[in-house]
Number of protein chains: 2
Amino acid sequence: MEHRIERIKKQLHSESYKLTPQREATLRVLLEREEDHLSAEDVYLLVKEKSPEIGLATVYRTLELLSELKIVDKINFGDGVSRYDLRKEGAKHFHHHLVCIECGSVEEIVNDLLEDVEKIVQSEWGFEVQDHRLTFHGICKQCQLAAVKATQ
Amino acid sequence: MEHRIERIKKQLHSESYKLTPQREATLRVLLEREEDHLSAEDVYLLVKEKSPEIGLATVYRTLELLSELKIVDKINFGDGVSRYDLRKEGAKHFHHHLVCIECGSVEEIVNDLLEDVEKIVQSEWGFEVQDHRLTFHGICKQCQLAAVKATQ
DNA sequence: AACTTATATTATAATTATTATAAATATAAA
DNA sequence: TTTATATTTATAATAATTATAATATAAGTT
């Protein structure tokens with residue numbers, strides 16, 4: 001974790017941004033909750049636990065900055081709030097998501113899966129792909145099992 | 001167009017919803033601007049041109065209803081507003097989008113492209129896919145050409 | 001270590017998008 | 001025509017996000 005913070009710190013400095021305590025605290029929350037898909041408000045509340053003096057607007061600004069630097073990705077699952085998701089280190093592309101319409105759980109897929117599709121888009125549509133957003137909506141394994149059990 | 005309205009009218013009735021003049025006016029705007037990706041506000045302003053008495057909340061409610069019935073899909077390209085996009089008639093899945101980060105244009109891809117990927121998700125993750133959202137971000141053909149010309 | 005300066009934060013206030021409410025109206029079915 | 005229900009209107013309320021102006025701070029420079 002410290003390594004990762006160090007690297008991000010360097011990245012910030014290289015683009016002449018400062019690593020303020022607020023930004024570091026925000027980053028730490030994102031790293032600690034890497035599996036989650038937190039909204040700005042969620043992040044704010046978690047940061048507040050350790051740094052009670054932080055303001056919501058600062059969290060928003062920090063998240064926006066981290067988005068610009070491609071350290072986090074801003075996603076929207078259609079529930080009216082933006083969520084912020086750390087990029088996997090070294091990942092060229094954003095990972096994919098499986099959103100369960102039954103229980104609301106969100107699973108991540110880090111495998112590429114879209115290589116072939118991107119080649120097609122490139123050749124057939126002449127579109128130079130730089131990034132993607134792919135989300136599947138459906139029923140997760142757990143909910144499928146629960147449904148089967150319920151009918152037994 | 002009239003055929004399509006008729007069919008949607010029947011679909012509404014079959015689920016015991018009424019096709020009110022406001023709903024019909026909203027639908028007509030969506031059909032006329034099928035290529036676009038209008039926000040609720042956009043739709044509202046366009047409907048207002050022909051039916052000035054309509055309220056914004058009615059447009060929101062109508063769009064929500066049409067979403068439930070899978071007649072339109074609600075999408076979010078990350079600019080803070082939800083956009084509403086008519087489904088292609090008979091399409092099982094939502095179509096894909098190419099968003100140009102240079103000029104902001106949005107192109108549609110109606111081809112499936114994800115069949116294989118969905119099979120993998122199903123078999124490897126045990127996730128029962130019901131729908132998807134796929135958006136590519138990059139440079140459209142026109143902007144690529146413009147960039148080449150600019151360096152000549 | 002103090003100084004400087006651009007950058008960042010705080011504590012609001014403002015804006016924007018969306019949803020809720022209650023009264024009035026319209027519609028389809030009896 | 002009556003009745004019951006669905007829908008709309010005209011707000012008001014809420015929720016998410018962004019802007020503003022005064023203050024504070026990080027990090028490079030003397």
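The basis for the numbers below is simple: all heavy atoms, side chains too, and nothing from hydrogens, waters or symmetry mates. Residue numbering restarts at 1 for every chain, and letters A, B, ... go by the order of the sequence lines.
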(message) Would you say B/Tyr60 places a side-chain N or O within less than 4.0 Å of OP1 or OP2 belonging to C/dT18?
(response) yes

(request) Find the bend of the helix from C/dA1-D/dT30 to C/dA30-D/dT1 as the angle between its two terminal axes (five pairs each), to the nearest 10°. (result) 30°

(request) Please check if B/Tyr17 and B/Tyr84 belong to a single hydrophobic cluster, counting links between Ile, Leu, Val, Met, Phe, Trp and Tyr side chain heavy atoms closer than 4.5 Å. (result) yes

(request) Answer with base, sugar-phosphate or nothing: what part of the nucleic acid does B/Ser39 contact at a heavy-atom distance below 4.0 Å? (result) nothing

(request) Report the distance from atom CG of A/Leu86 to atom CD of A/Glu35, rounding to the nearest 0.5 Å. (result) 10.0 Å

(message) Which residues pass the side chain to side chain donor-acceptor pair (under 3.5 Å) test with B/Arg23, not counting sequence neighbours?
(response) none

(request) Evaluate the side-chain proximity of A/His96 to A/His132: yes if any heavy-atom separation is below 4.5 Å, no if none is. (result) yes

(request) With a 4.0 Å heavy-atom cut-off, tell me which residues in residues 7-36 of chain B come close to DNA chain D, sorted by residue number. (result) B/Tyr17, B/Lys18, B/Thr20, B/Gln22, B/Arg23

(message) Taking atom CD as the centre, does A/Glu115 end up with more than 12 heavy-atom neighbours from other residues, nucleotides or ligands that are less than 6.0 angstrom away?
(response) no

(request) Sequence neighbours left out, what passes side chain to side chain contact (heavy atoms under 4.5 Å, CB included) with A/Ile120? Give chain and number order. (result) A/Glu124, A/Trp125, B/Leu113

(request) Name the nucleic acid region contacted by B/Ile54, choosing base, sugar-phosphate or nothing; use a 4.0 angstrom heavy-atom cut-off, strictly under. (result) sugar-phosphate

(message) Check this for me: does any side-chain nitrogen of one of A/Arg133 and A/Asp73 sit under 4.0 Å from a carboxylate oxygen of the other?
(response) yes

(request) Tell me what A/Glu41 touches on the nucleic acid: a base, only sugar-phosphate, or nothing, going by heavy atoms under 4.0 Å. (result) nothing

(message) Between B/His137 and A/Gln130, is the side chain to side chain contact (heavy atoms under 4.5 Å, CB included) condition met? List the steps.
(response) CA-CA 6 Å; B/His137 299 260; A/Gln130 296 199 352; 5.6 Å; no

(message) Show every ring-ring contact (aromatic ring centres under 6.0 Å, His included) that has at least one partner inside residues 57-77 of chain A, sequence neighbours left out.
(response) A/His37-A/Phe77, A/Phe77-A/His97

(message) For the NZ atom on B/Lys88, are there more than 12 heavy atoms of other groups (residues, nucleotides or ligands in this structure) within a distance under 6.0 Å?
(response) yes

(request) Could you grab the distance from atom CG of B/Leu66 to atom OG1 of B/Thr62, nearest 0.5 Å is fine? (result) 6.5 Å

(request) Check every nucleotide of DNA chain D for an atom under 4.0 Å from a heavy-atom of chain A, then give the first and the last such nucleotide from 5' to 3'. (result) D/dA16 to D/dA27

(message) Using whole Å, what does the distance between atom C1' of nucleotide C/dA8 and atom CD of A/Glu53 come to?
(response) 14 Å

(message) Measure OH/B/Tyr44 against P/C/dT18 and give the value in whole Å, please.
(response) 14 Å

